[in-house]
Amino acid sequence: MDFFTVKWDDGVVVLLDQTRLPAEEVYLSCESVDDVVAAIRRLSVRGAPAIGVAGAYGAALAAHLSETTDPAAFRAEIEPELTKLREARPTAVNLAWAVDHVRRVLDSVADRPVPTQREAVLAEARRIHEEDAEACRALGRHGAELLPDAGTVLTHCNAGALATGGRGTALAVIYAAVEAGKRIHVFADETRPLLQGARLTAWECGRMGVPVTVLCDNAAGSLLARGEVDCIVVGSDRIAANGDVANKIGTYPLAVLAREHGVPFYVAAPTSTIDLATLTGAGIPIEERAADEVTTPRGLRITPEGVPALNPAFDVTPNALVAAIVTERGVARAPYEESLRRLLED
Ligand code: MRU
């Protein structure tokens, strides 16, 4: 890959600014925790695993910037920064998961000198990043076996390298299949309102040398009805204990269409996206974003002044519509209460 999504560079968190793709490839340097929080909120870095990695490096930045030499004061000083990072976006559990991992590491070194605590936070952030990259590779290999030797795969939003610390989830499955010699053509839903499919998946597939065609979101149904889609693979922001899946708004209708047309609907995600503490999809918090993302996309007003707009960023697909959940530890199938718990126990 000749780009990166997020990295730690000697006390600076550097991000590829995804709000500017595909027109410009600009890297953003975050020199404070507030910079990282703002970048996560505005979607300069986005995608569940990627915001987990960015959150962990944000914690490392908080530790790096603290000037105290007193271990107890150190923890007290960075704790509000960790909370800010954890709450930057609510739906993707990977962000809370990553910050909670950092907190546990801090608990385990609480009586150690500040430089040791600081190093422990950075080491944990690097570990989270590396493990995510490894998970992407492994889940890609598992998922590739589910794809046809030649055919079309429809995906929604961007669940690729841009959304993770590695080569992606849904797109990693496609990359692994292509590397295994399968001839796959990607249909990328444009993904209103922020166009992660049209802007990001199309850009990324181009960079990875995978053929891609962009569709308006509302074209997916007729393509499926004509038998032009062999399977659907999407990522996820949070998977409840019963296998209900939260992902970018517009995912649920795709799953309904897939069922109607007898096309398998697969979800690819690392186990860090599985939240056994949330029993069903009804318990997943759904982020509501600003109405102007709908009314005024990229600065162009498309609705009359004064008309309200709804902008839920995610929806929940019930487990009954999910053919399989592909993780780095293997492929889970229904009943998901059992298969997901078993995957996490192994
Ligand atoms: O709002 P976004 O762009 O962060 O939403 C991202 C998605 O919905 C992805 O499909 C999901 O995070 C999985 S990324 C591997």
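In listed order, ligands and their atoms are each counted from 1.
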Main chain of [Y], side chain of [X]: is a donor-acceptor contact present, judged purely on distance under 3.5 Å?
X	Y	answer
Asp244	Asn319	yes
Ser236	Ala246	yes
Glu124	Ala56	no
Lys182	Leu147	yes
Ser222	Ala219	yes

May I ask whether Ala313 has any heavy atom positioned less than 4.0 angstrom from an atom of ligand 1?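 Heavy atoms of Ala313 never come under 4.0 Å of ligand 1.
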Is there a heavy atom of Arg89 sitting under 4.0 angstrom from any atom of ligand 1?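 Per 4.0 Å heavy-atom rule, Arg89 contacts ligand 1.
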In short, Lys84 meets Asp34 closest at the heavy-atom pair NZ-OD1, 2.7 Å
Run down the list Arg46, Lys248, Glu287 and name the one with the heavy atom closest to atom 1 (O) of ligand 1.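 Of the listed residues, Lys248 has the closest heavy atom.
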Of Ala163, Ser236, Gly47, the residue with the heavy atom nearest atom 13 (C) of ligand 1 is Ser236
Test of understanding: given a 4.0 Å heavy-atom threshold, classify the contact between Thr164 and ligand 1 as side chain, backbone, both, or neither.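 Side chain only.
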Does Ala159 approach ligand 1 within less than 4.0 angstrom via side chain, backbone, both or neither, non-hydrogen atoms only?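 For Ala159, the contact with ligand 1 is made by both the backbone and the side chain.
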Under 3.5 Å between any N/O of Gly235 and any N/O of ligand 1: does that happen in this structure? no
Is there a polar contact, in the sense of an N or O pair closer than 3.5 Å, between Asp237 and ligand 1?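 Yes, since at least one N or O of Asp237 sits under 3.5 Å from an N or O of ligand 1.
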Which residue and heavy atom of the protein sit nearest atom 9 (C) of ligand 1, plus the separation: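 Result: Asn247 OD1, 3.4 Å.
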Atom 15 (C) of ligand 1 - nearest protein heavy atom and its distance: Thr169 OG1, 3.1 Å
How about Glu328 and Thr271: does a side-chain donor come under 3.5 Å of a side-chain acceptor? yes
